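Notes follow once the structure below has been shown.
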Amino acid sequence: AQKITQTQPGMFVQEKEAVTLDCTYDTSDPSYGLFWYKQPSSGEMIFLIYQGSYDQQNATEGRYSLNFQKARKSANLVISASQLGDSAMYFCAMRAVTNTDKLIFGTGTRLQVFP
Amino acid sequence: DTAVSQTPKYLVTQMGNDKSIKCEQNLGHDTMYWYKQDSKKFLKIMFSYNNKELIINETVPNRFSPKSPDKAHLNLHINSLELGDSAVYFCASSFPRQGLQETQYFGPGTRLLVL
């Protein structure tokens, strides 16, 4: 069975600073994919970034980067130069090769960016 | 040019009623999903359909019945609504056979409140 753990229920960061949101996962599958989604207060789920378990390099998308440490089973999201609009819930999710139809989500981290 | 749309956005109803939520995607995706997000923000898959065929049914009470008239639409009908059905329901879609990297795109959510 797959599991995603996000241990930080809430995080604060000052505008223009970088912040790391933690995500650890558990799977016995040799191949899997990891995703991060953002959910602002308006409620929609926005895809941010993807990391494959066999990708050689950490994924980056603009100000978002993924600190992927396979041995530690962690896939932390790093947001650089935080903006007020980054205030939202952030969800880590995983899909494993033996169950590609299913995306398993963590419990989320609420990020607050203050001026 | 909305990608995944849901109607209604808000739904307030009495216990025991029957209600439907509609979902449409114009992304040309083959696979559609229904997720439930509870009051603690935990997001869990309920159903998935691929080309109108049911792929996933996650031990959801049979009061919930998805219907896919075509691959661009996946509606959710709920019979005999209960207080515990109050949640945000998200529709999502993806283009399959991309393996682990297959990204799901979410609708704006339908906030259901059962009184």
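This one's a predicted model, so the numbers in the text were calculated from it and none came from an experiment. To find a chain, count down the sequence lines: A is the first, B the second, and so on, and within it residues start at 1.
Heavy-atom neighbours of B/Lys71 NZ from other residues, nucleotides or ligands within 6.0 Å: above the threshold of 12. Enclosure of atom CD in B/Glu53 is not indicated, since only 12 or fewer non-hydrogen atoms of other residues, nucleotides or ligands lie within 6.0 angstrom. More than 12 heavy-atom neighbours from other residues, nucleotides or ligands sit within 6.0 angstrom of NZ on A/Lys70. Around atom CZ of A/Phe12, no more than 12 heavy atoms belonging to other residues, nucleotides or ligands sit under 6.0 Å away. Other residues, nucleotides and ligands place more than 12 heavy atoms under 6.0 Å from the CD atom of A/Gln14.
For A/Ala93, no part sits under 4.5 Å from any heavy atom of chain B, backbone or side chain. Interface remark: A/Ser42 contributes backbone atoms only to the contact with chain B (heavy atom separation under 4.5 Å). Proximity to chain B is absent for every atom of A/Gln51, based on heavy atoms less than 4.5 angstrom apart. Heavy atoms of B/Ile56 lying under 4.5 Å from chain A belong exclusively to its side chain. Residue contact with chain B, scored on non-hydrogen atoms closer than 4.5 Å, involves the side chain of A/Met89 exclusively.
Counting heavy atoms from C-beta outward, A/Phe35 and B/Glu102 have side chains that stay 4.5 Å or more apart.
Each of B/Leu112 and B/Tyr10 belongs to its own hydrophobic cluster when Ile, Leu, Val, Met, Phe, Trp and Tyr are linked at side-chain heavy-atom distances under 4.5 angstrom. Taking hydrophobic clusters as Ile, Leu, Val, Met, Phe, Trp and Tyr residues chained together by side-chain heavy-atom distances below 4.5 Å, A/Phe68 does not share a cluster with A/Ile104. By the criterion of side-chain heavy atoms lying less than 4.5 angstrom apart, applied directly or through intervening Ile, Leu, Val, Met, Phe, Trp or Tyr residues, B/Tyr105 is not grouped with A/Leu34; the two fall into different hydrophobic clusters. Note: the hydrophobic cluster containing B/Leu76 also contains B/Met15 (ILVMFWY, side chain heavy atoms under 4.5 Å, direct or indirect links).
For the atom pair CD of B/Gln37 and CZ of A/Phe91, the computed distance is 5.0 Å after rounding to the nearest 0.5 Å. Rounding to the nearest 0.5 Å gives a distance of 7.0 Å between NZ of B/Lys44 and NZ of A/Lys102. Atom CG of B/Leu43 is separated from atom CE of A/Met45 by 5.0 Å, given to the nearest 0.5 angstrom. Here the straight-line distance linking atom OG1 of A/Thr107 with atom NZ of B/Lys41 works out to 12.5 Å at 0.5 Å rounding.
Residues B/Phe106 and A/Tyr37 bring their aromatic ring centres within 6.0 Å.
Side chain of A/Arg95 to main chain of B/Thr103: no donor-acceptor pair is present (N/O by atom type, distance under 3.5 Å, no hydrogens or angles).
With respect to A/Phe105, the ring-ring contact (aromatic ring centres under 6.0 Å, His included) criterion is satisfied by exactly one of B/Phe42, B/Tyr33, B/Tyr35: B/Tyr35.
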